[in-house]
Amino acid sequence: MIRITFPDGSVKTYRNGITSLEIAEEISPKLAGEVYAATVNGVVVDLSRPVTADATLKLHKWEDEPARHAFWHSSAHLMAEALESLYPGIKFGIGPAIENGFYYDVDPGDGRVIVEDDLRKIEDRMKELATKNQPIIRKEVSKKEAIEFYKAKGDEYKTELINELEDGTITLYSQGDFTDLCRGPHLPSTGPIKAIKVLSLAGAYWRGNEKNKMLTRVYGISFPKKKMLDDYLVLLEEAKKRDHRRIGKELELFTFSPKVGMGLPLWQPKGSEIRQNLINFLTGVLHKKGYKMVTTPHIGNVNLYKTSGHFEKYGQDSFRPISTPQEGEQFMLKPMNCPHHCEIYNATPHSYKDLPFRMAEFGTVYRYEQSGELHGLTRVRSFTQDDAHHFCRPDQLREEFKSIIDLVLYVFKILNFNDFTAQISLRDPDDKEKYIGSDENWEKAEQDIIVAAREKNLETIVVPGEAAFYGPKLDFIVKDAIGRKWQLGTIQVDYNLPERFDLTYNGSDNQKHRPVMIHRAIFGSLERFVAVLIENTAGKFPLWLAPEKAVILPISEKFNDYALNVLETLNNSDICTLIDDRSEKIGKKIRDNELKRIPYLLIIGEKETADNTISVRKQGEGDRGSMKIQEFIDLIRSEISKELEY
RNA sequence: GCCGAUGUAGCUCAGUUGGUCAGAGCAGCUGAUUUGUAAUCUGCAGGUCGGGGGUUCGAAUCCCUUCAUCGGCUCCA
């Protein structure tokens, strides 16, 4: 007999070799139908694995990530089985569970292609196979056996993977006629996979390497119940309605023109208004925090970027240098502001007493992103960073870094960005060639970030290989409407550019010392930030950001003059920008989609309304009664200042 | 850049196997109406069917090419 300890601390004895699924069944048959994986002694395993010693046990229902993971991973195998029966001889890459669903990378072989019209067919076959409720069987094999199996099958991808695995750790999982190399864990059988949707196709390089062959990636998602799948698909549709590209068009915030060029956003008046509101807000904050604003040109001599190291690193893949009539003179569109800022630093001598020097600029930069990578406002070729550089003494670095964390959190809080990930992005230890600077400096910089984040009690994840080429960073990452991740704010410690630009300050010892540089952006870029803002708010911006704060609605032509009068007063108030006036449209039902997104309705000429007043209504909140124009202006002022209160 | 898909009026879309197939709704403009938040009535105007080339007696429809967009991959200073 063995003793099983449950998460609530209770202990029960079972016969040796019992499976987690059987334990679940003993507790209740209903439970057995709802669990998909188990954690035994801290390791997630198949429900069908026998437990052969005293152990702690947690059974995972759908709500637990390990359950979904096993479910979707088994679904990926099911899809592979379907693919193999539909495309005999198809070769398999990898087929993992992902955050939402699963995929399988496959090579259909000899000139065959899988196209979108085939997805239905794959889905139907999966459903057909699932109803057979085949048991999924785990088998430990030797490396030799595994390699022979896949050699016989002619699957070079799996063979390559096995070659890198250690003997004794290799397992195969089979259901029906299909066998796959896999670590597991899996469902005990394919039966629970009731609702399946094969979603999309994509190309994906084998092992993520651009030089390798491109495989076909088939994405899918599955659930234990049809209702769950339906709900998920509805959720996806709803999310698509919040897509900033869609709302941006509806609200006339920004546009793109092939004539101007791909990836070059054109801000329309209302979008510009939002952008400007953000700039004004942040500029105010920066002044209080001791930043000095600077302004630098959009181009720089190519030598500037040779000094910074950017040219060597990115010159070939960037916009080409601009040649001038002058022999040998070349300029580049600036891909970042730091080199310019370094030269501003260099323009004046600095005392240790004057540091830190905080220099900020809303700097527009230009980067040649690959055509297929452009995406609405979140990935563009021209964007404006809310960039700043802190030049400080080494002993000030940590406090300075921490104060920036505070600043980011403050701005995110004002904007209700609660759902973000703080990511410490370090150097890839296996590929140091990608980076400039000494190991010593990198060590120092990475430690600075880790310690500062810890001292701020910031919950972080650490990701090697995501650093900038000149230094490690702390990135703030948010998700868009359909779950894609985007980096917004970033704080980067840099010991390298100060050396390259020979930045110095005079110490108390009257010697020259090297300052440390912190690069930081809070929004990241206004383009990306506005995109995320649009998706977070579904276009219903807080009052202080709203491009149109009110719409004027005279109830009849008689009141047109008065409406115009109100319009003029409001426009002169410096608080109500771009007031929408519907005087000319009297008699037409106001049915603009966008109207719902304008916070205040000002009704003019209502019968109980006395002269010189307007009836004020707030969207979603109802009547505010009638008031004088000035009272309304004060109302908006106070609401905005309330929104901006910390 | 790579894999797959898409491109018809300002927007959302119809256009059956190539032969009155250049259409509808909304938006716009005309009149009428005056009713307070997703839809009042009338009339009008809007498109070389993304661009270019080809096949054909005939192309929105088939082929090639190019531009752009979408879903991913790679990349992301």
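Residue numbering restarts at 1 for every chain, and letters A, B, ... go by the order of the sequence lines.
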Report, as a single string ordered 5' to 3', how protein heavy atoms within less than 4.0 Å touch nucleotides 13-18 of chain B: B base, S sugar-phosphate only, - not at all. ------
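- B/A77 has its base stacked against the ring of A/Y314, the centroids being under 5.5 angstrom apart at an interplanar angle below 30°.
- A gap of 12 Å separates the P atoms of B/G52 and B/U61, to the nearest Å.
- For A/R367 against B/C75, no side-chain N or O and base N or O form a donor-acceptor pair under 3.5 Å.
- If you check residues 485-493 of chain A against RNA chain B, you find no residue with a heavy atom closer than 4.0 Å.
- The side chain to side chain donor-acceptor pair (under 3.5 Å) test applied to A/K444 returns no partner, not counting sequence neighbours.
- Residues that satisfy the side chain to side chain donor-acceptor pair (under 3.5 Å) test with A/D439, not counting sequence neighbours, are A/R427.
- Searching all strands for a Watson-Crick or G-U wobble partner of B/A32 with both distances below 3.5 Å returns B/U40.
- Taking the C1' atoms as reference points, B/A45 lies 15 Å from B/G23, given to the whole Å.
- For the ring-ring contact (aromatic ring centres under 6.0 Å, His included) with A/F92, the lone residue among A/Y157, A/Y104, A/Y103 that qualifies is A/Y104.
- Separation of the A/Y219 and A/F102 ring centroids does not fall under the 6.0 Å cut-off.
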In B/S/- notation (B base, S sugar-phosphate only, - none; protein heavy atoms under 4.0 Å), nucleotides 65-73 of chain B written 5' to 3' is ---SSSBBB
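- Legend: residues meeting side chain to side chain donor-acceptor pair (under 3.5 Å) with A/Q492, ordered by chain and number and at least two apart, are A/Y470, A/T490.
- Using a 4.0 Å heavy-atom criterion, one finds that A/Q370 contacts the bases of the nucleic acid, with or without backbone contacts as well.
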